[in-house]
Every structure is written in C-alpha cells, then in structure tokens.
2 protein chains.
Amino acid sequence: MSKKGTRKHASGGPTMADLAQLAGVSKITVSRALGDSPLVNPQTRERIQTLAREHGYKLNISARNLRLRRSHTVAVIVEMRPSVDRTMFDPYPLLLLGGISQELTAAGYSVLLTTRQGAGAAAVRAADGLILLGQGAHQDAVRRFDKLGLPMVVWGAPSISDAHVVVGSDNRLGGALVARQFIALGRRRPVFVGNPSHPEIFERLDGFVDALALRGIKPLLMRRDEFTVDSGMDAVHSLHERKVGFDAIFACNDLLAMGAIRATLDLGRSVPADVSVVGYDDMPLSASFLPPLSSVRQDWQEGGMLLARKVLALIDGEPAGSESLPVSLIVRAT
Amino acid sequence: MSKKGTRKHASGGPTMADLAQLAGVSKITVSRALGDSPLVNPQTRERIQTLAREHGYKLNISARNLRLRRSHTVAVIVEMRPSVDRTMFDPYPLLLLGGISQELTAAGYSVLLTTRQGAGAAAVRAADGLILLGQGAHQDAVRRFDKLGLPMVVWGAPSISDAHVVVGSDNRLGGALVARQFIALGRRRPVFVGNPSHPEIFERLDGFVDALALRGIKPLLMRRDEFTVDSGMDAVHSLHERKVGFDAIFACNDLLAMGAIRATLDLGRSVPADVSVVGYDDMPLSASFLPPLSSVRQDWQEGGMLLARKVLALIDGEPAGSESLPVSLIVRAT
DNA sequence: CGGTATCAAGTTACCGATAACATTTCTTTT
DNA sequence: AAAAGAAATGTTATCGGTAACTTGATACCG
C-alpha cells in the first residue's frame, strides 16, 4: 500500500514486463529467453531464467492462449453415469484417464474433463482436440461432437461407416484367442454370452465366430443385456431349461463369466472339466475367484496413452489412423 | 480469399467486434448484451443475441480469462496409479469425478484433470481452485499443493492438525454402524481387518472401537496392508493358527471381507451363523457374492458434488468448513 | 425554461504474451 | 576500410474481451 511499485498486482506474481524491467531488457527478450529461443544470447537467457525463478514468475496461460489462438487443452468427454449395461466398468476408465493424462501432460497439454451433459460449455469448444470415452453405444453423440470440427479421437470399436479416428483394444483378437483356446481344449459346443449391439462386444463375437468357423464350429449366442453376475447365472439356467448342450462359455465380461460358472456348478457340472469358461476384462477379483477365472486382458493405460498420442498428432496436422491394441488371454483354472 | 472481409479469421468464428459491426453498435454493447446486462436496451439485447446465435458466435475464453484475471477452472488432482493398498478403488473415483464435474460445470467452471506428476503444470497454478482426491496417505502432497495458495478442498478424513477443508464420508459412523450391528447380533469377539495407517481407515476403526466400548467389548486388530481377497483369507488363517477366537469380522474393504468369508468357510465355520462379516464400499459384486455380503455404502457422487460446492464457496470468498457425508450399512446375508 | 436524474451507448485503456518487422552492434570479407 | 552478413535486441501491433469513465439523448422537476 505504502510504497508504489512494491506490489503492482493484486493477485498473481510478476509478469514478463516486470522481469524485463528487472533485467533491463524488453518484454520480447524475456519471452524468448524463457522459451529457450536461440535468438537470445545464452548468457542473457541464463540471467533471465534465473531471475524468473527467483521471483517466482508464472506464465499467464490465458494471455498466451489468446495470442497463439490455441488452448493447449484437450477435452475428454466421459460417460460417467454408471449403468448396468456399461462395457466400461470398474477401475478401467480411470486407468484410461490416467494414460491420457500422463501423455497429454507430458506434451504440455491440459486435460479438460466433462460429461456429455456439460460438453456444451465454451471451454470444450475452445479445446484443441477431443477424446470421447464410453460413447460406444451413442453414435449420435459421436456425430454431435464431430460437428465441432475439432481433431477428435474415439475409444471403442472401429466401424467402416465412420470417418473419425478410433482407438480401442483388439476385440476381434480377443474373441479369436478365446476361440483358439476352446479349440485347443477340444470343445465343440461353445456359447457366447453378452450383448452384441455394443460395437465392441460385437467385434468380440465376430472374432470368436470367425476363428471357430475355421474348425467348422458354430457357437450359440446367448444375448444378455445386463453385464452382471445374476445375468450370467440366468443365461446358463436358461440354456439348461432349453436343454441346450454346451461345453464352453465365452462371456463378454468377468461378472457374466462368474455368474455363468456359479450356475454351471449349481447344475452339478464341473468347471473346467465339463465346461470351460472365459471372461473379459480380467478384473482384479477374477484371479481370486473360485475357481480362478480365465479372462481376456486389455491394457487400458496403454490405450489411454495411444488415444492421447493420436489427438496430438491430429492437432499437429499429422495424419493418424484408427488403431487396435493387442489383448492377451490370461489362462487360469477355468 | 477473394472477397475481403468475408472470412476475416483463419480459424474460429466471429468475434464481438464482428457482431458489433453487424449490429451497428460498439463492442462493449455486444459484451453487455450477451452478458444480460441491464445496461442495454432489452430490444438491442435481443437483437444482438439473435445475431450471435445466427452467426454461431463463440466467446473466447482465453480473452475473457485474461481480462478478468481468473480461469474459471478447478484443477482436480487424482492419484491414478492403481496399487494394492489403495482405498479408493474400482468405479468409485469415477463417480466422485462425475459428481464434481456435474456440479462445477453447472456453475460455469471447467474441470482440469491431472495426476500428481503433472500437477506442476502452469495450467494447474492458473486454476481458481483445487480438489485433491486419493491423497489420503500423502500428507506431504497436500502440503505441497497448499503452498500454491489456491482455495483447496481435500477428499479424505479430517485431521485436527490440518487447516484445510476436508470432505469425506463419515468413516467413524461407518465403523459405529458395524459395531452396533455386531452388538445387536450378540457378537462378543469382533476383529477389525485393514490398515489403519490410512486416515480414513483409522476413522473406521476408531468409530468401531468406540461404539463397541460402550458395551465393554474390545475388538482385535488384524493389520493388513493389502486390500485383496488373498490378504483377507490370510488374515483369517492367521487368526486360526494363533488360535484366536472370533465371531465377527469387520473388513475395511469388500475384497478383504470376501477373502475373510472364504477362509472362514474353509475352516469349517459358518457365515453368518458362527461368524458375522461386514465389508466396506458395497461394490457391485458384493450383492451377488455367495453369501451376499453385508457392507457399508458411501455415496460417492454426492461426495463429489459436495467437494465441488466447497471449492466454489471458497473461490467466492465464502467460508466453508470440513464436512462428512452419512453412510449406510447394507445388511445382507453375512 | 434551466437544471438534474435516468437511460442507452460509446471511448479509452488495459489484461499478458508473442509474431513480424526494424534496428543496433559486432564480425567477417575482399 | 567499406560493404555485407550475422547476432542480439527492440518497436509496434495484436489476440478478444471487459471495467471505468464519458457522452448524448430523453424525461422530470419546481
């Protein structure tokens, strides 16, 4: 209050102009020095950088963004309402977010998190790029955001009709791996349990069917809309009631698989002696399920990182195509 | 290219200046009109707003933030590395995020998501407020962010020593509810399984102990660092080996509880006839566990919303204190 | 009818950083 | 030693909003 110039700014520390004055140079030189531009004398640069550190200088992002006409921000739009028919479940989306965040932060970008509801906000439109998670079943949502004209990457299953970049794990491969496992075990009457109207689930089924077809085997499809233990039990009981024979079950989710196993055991049949069961997602609990559940595992974190790299590429004007990540079958006791 | 003025801006739509010209008024009038300021004639306002809509006008946030010296952003710092000793597990943090996001978006704020690693970024310091999630075990982290001098709210257990605002679910109540349940069931030798060095877990234990003490019961503490099924089994086996009698188990997590139940059954004792077991978190699977697991449930989404409301209050200079959310005991078969 | 209150809109001056162009200073070349 | 080139720094203008202060017009008052 008393001395003029002691504290020029109410909130926030010194600006480039302040540093410039301190260093006896002009603003632009400070800007260059802090940006490691080769245009400034190394000594000057050093001096200014030290000064900046000492005085706790903080770059004003809004100012820079305004000037550069970009936000250095990628909006991530997540479906966060938990629901029974969610494919993205449990800790996984968080791992995806972790991968995304890690990669974007490393590249100097920020992650703006929104739900579909809040995605109309100005901040989202101001983003340099867009990542869509968990919108698999909402093609309309994808199209809606596509209209924003921002570089966009979607997590899910690639579809021929859509033009945007899709990153996902290789669901076809997942299905195929399970099929091969069943074949190796000599299974002849496999069942697929799940809801193939989700593009990702459909891919799993598709890969499964194709790989089995090579051996002339045609699996049975038990459509289940809910991805829960109960639903899995239900599926098996329903098979039993209809007196349909089966010796292998591929559930498109671990909970379904657990339910299927439980029901199978209830019916007096043995797992895995009589019936093989494989789930999907390899959730933490699966390994300690009784019996330990075999499952297909996807690398969510890596997926997140890949998503991030793709948007960054698009933002930089580089070409980027859809890509699938490998999955692995974890064989345990079922 | 050909006609001058047709497309003034390479990227991005019209600015306020453009609208001003179109409407034959000055920039500031446009600004006022769009901000619903009473300083403009209602008709003019209407006219300008319509014009803005027609031309797809988008407010430039960076410009506004620069001028207003605030970012309208709250940074959420999450611990995303999954690890065995994590209290915040599974879908829950996502629900927390959902609550936060919903509330902040509604208030016109953006959610900036970062990990602890990326939290040094300029964008974080530029935030108007801070929410810390999953840092319970890292008091140093809390202090580190406290230094930024931003309005800050932490998820976890309130501690007397700390001055910042803490929001969490009422872990003491959770412990007490379980204790009362055990008392009602006539249990006399309860065991607590978990790692009380986490503040939140400690509160659960504390509430548990205090409520039991009213009946002169003193529980046994089985310290377990890992929150897994195996660890839960281990705990019970270890009790058995040491020939310690017990008739009730309060596990501070559902996975531990499941392990404890399994081990108890393995030892030939019945749940719940011989031993009562209660878990914590009420994960989706718990209801369909065999036997269906009793568990303490917290409302994560509401927690997120409360966190958000607290930071907003702090940002607006209103006072805000720590607060705990009620929890409920879901009694099932154990 | 002069003078003040009220309403509507305009002027000017920033917020803090940076690109494009300009200038100065030193080094090198023939 | 004059011209040309390279290196280091400065000037000016601008990104798109908005607050503070001013101006102009109309209404109201005794």
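Reckoned from all heavy atoms, side chains included, excluding hydrogens, waters and symmetry mates. The sequence lines fix the lettering, A, B, ..., with proteins before strands; numbering per chain opens at 1.
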> Short question: side chain of Ser101(A), backbone of Leu97(A) - any donor-acceptor pair under 3.5 Å?
Replying inline: no
> Given atom CZ of Arg64(B) and atom P of dC15(C), what is their separation to the nearest angstrom?
Replying inline: 19 Å
> What is the nucleic acid contact for Ile61(B), judged by heavy atoms within less than 4.0 Å: base, sugar-phosphate only, or nothing?
Replying inline: nothing
>> Measuring to OP1 and OP2 of dG17(D), would you say a side-chain N or O of Tyr57(B) lies under 4.0 angstrom away?
In response: yes
> Any idea which of dG17(D), dC15(C), dG10(C) is nearest the Val25(B) side chain?
Replying inline: dG10(C)
> Any sub-3.5 Å donor-acceptor pair from Ser322(A)'s side-chain atoms to Val166(A)'s backbone N or O?
Replying inline: yes
> What's the closest nucleotide to the Leu59(B) side chain, out of dG17(D), dA19(D), dC15(D)?
Replying inline: dG17(D)
>> In this structure, how many angstroms lie between the C1' atom of dC15(D) and the CG atom of Asn60(A), rounded?
In response: 13 Å
> CZ of Arg69(B) versus C1' of dG17(D): gap in Å, rounded?
Replying inline: 14 Å
> Are Glu318(A) and Lys310(A) ion-paired here, with the side-chain N under 4.0 Å from a carboxylate O?
Replying inline: no
>> Roughly what angle, to 10°, lies between the helix axis at the start of the helix from dC1(C)-dG30(D) to dT30(C)-dA1(D) and the one at its end, five pairs per end?
In response: 50°
> How do Ser26(B) and Arg67(A) order along DNA chain C: which one's closest nucleotide is nearer the 5' end?
Replying inline: Ser26(B)
>> Measure NZ/Lys58(B) against C1'/dC15(D) and give the value in whole Å, please.
In response: 18 Å
> Expressed in angstrom and rounded to an integer, what is the separation of Arg70(B) atom CZ from dT18(D) atom P?
Replying inline: 13 Å
> Taking CD from Gln21(A) and P from dT9(D), how many angstroms apart are they, rounded to a whole number?
Replying inline: 18 Å
> Any idea which of dT18(C), dG17(D), dG16(C) is nearest the Thr15(A) side chain?
Replying inline: dG16(C)
> Does Gln49(B) use its side chain to pair, donor to acceptor, with the backbone of Ala33(B) at less than 3.5 Å?
Replying inline: yes
> So, Asp316(A) side chain and Ala313(A) main chain: donor-acceptor pair closer than 3.5 Å or not?
Replying inline: no
>> Name the residue from Leu130(B), Val76(B), Val124(B) that meets the side chain to side chain contact (heavy atoms under 4.5 Å, CB included) definition with Thr114(B).
In response: Val124(B)
> Is the closest side-chain heavy-atom distance between Val25(B) and Arg47(B) below 4.5 Å?
Replying inline: yes
> CG of Asn65(B) versus C1' of dC15(D): gap in Å, rounded?
Replying inline: 14 Å
> Taking the side chain from Thr44(B) and the backbone from Val40(B), do they hold a donor-acceptor pair closer than 3.5 Å?
Replying inline: no
>> So, using side-chain hydrogen bond (donor to acceptor under 3.5 Å, both in side chains) as the criterion, who are the partners of Ser71(A) when residues are at least two apart?
In response: Asp128(A)
> Between atom CG in Asp18(B) and atom C1' in dT14(D), what is the gap in whole Å?
Replying inline: 14 Å
>> With the threshold set at under 4.0 Å for non-hydrogen atoms, list the residues of residues 28-56 of chain B touching DNA chain D in residue-number order.
In response: Ile28(B), Ser31(B), Arg32(B)
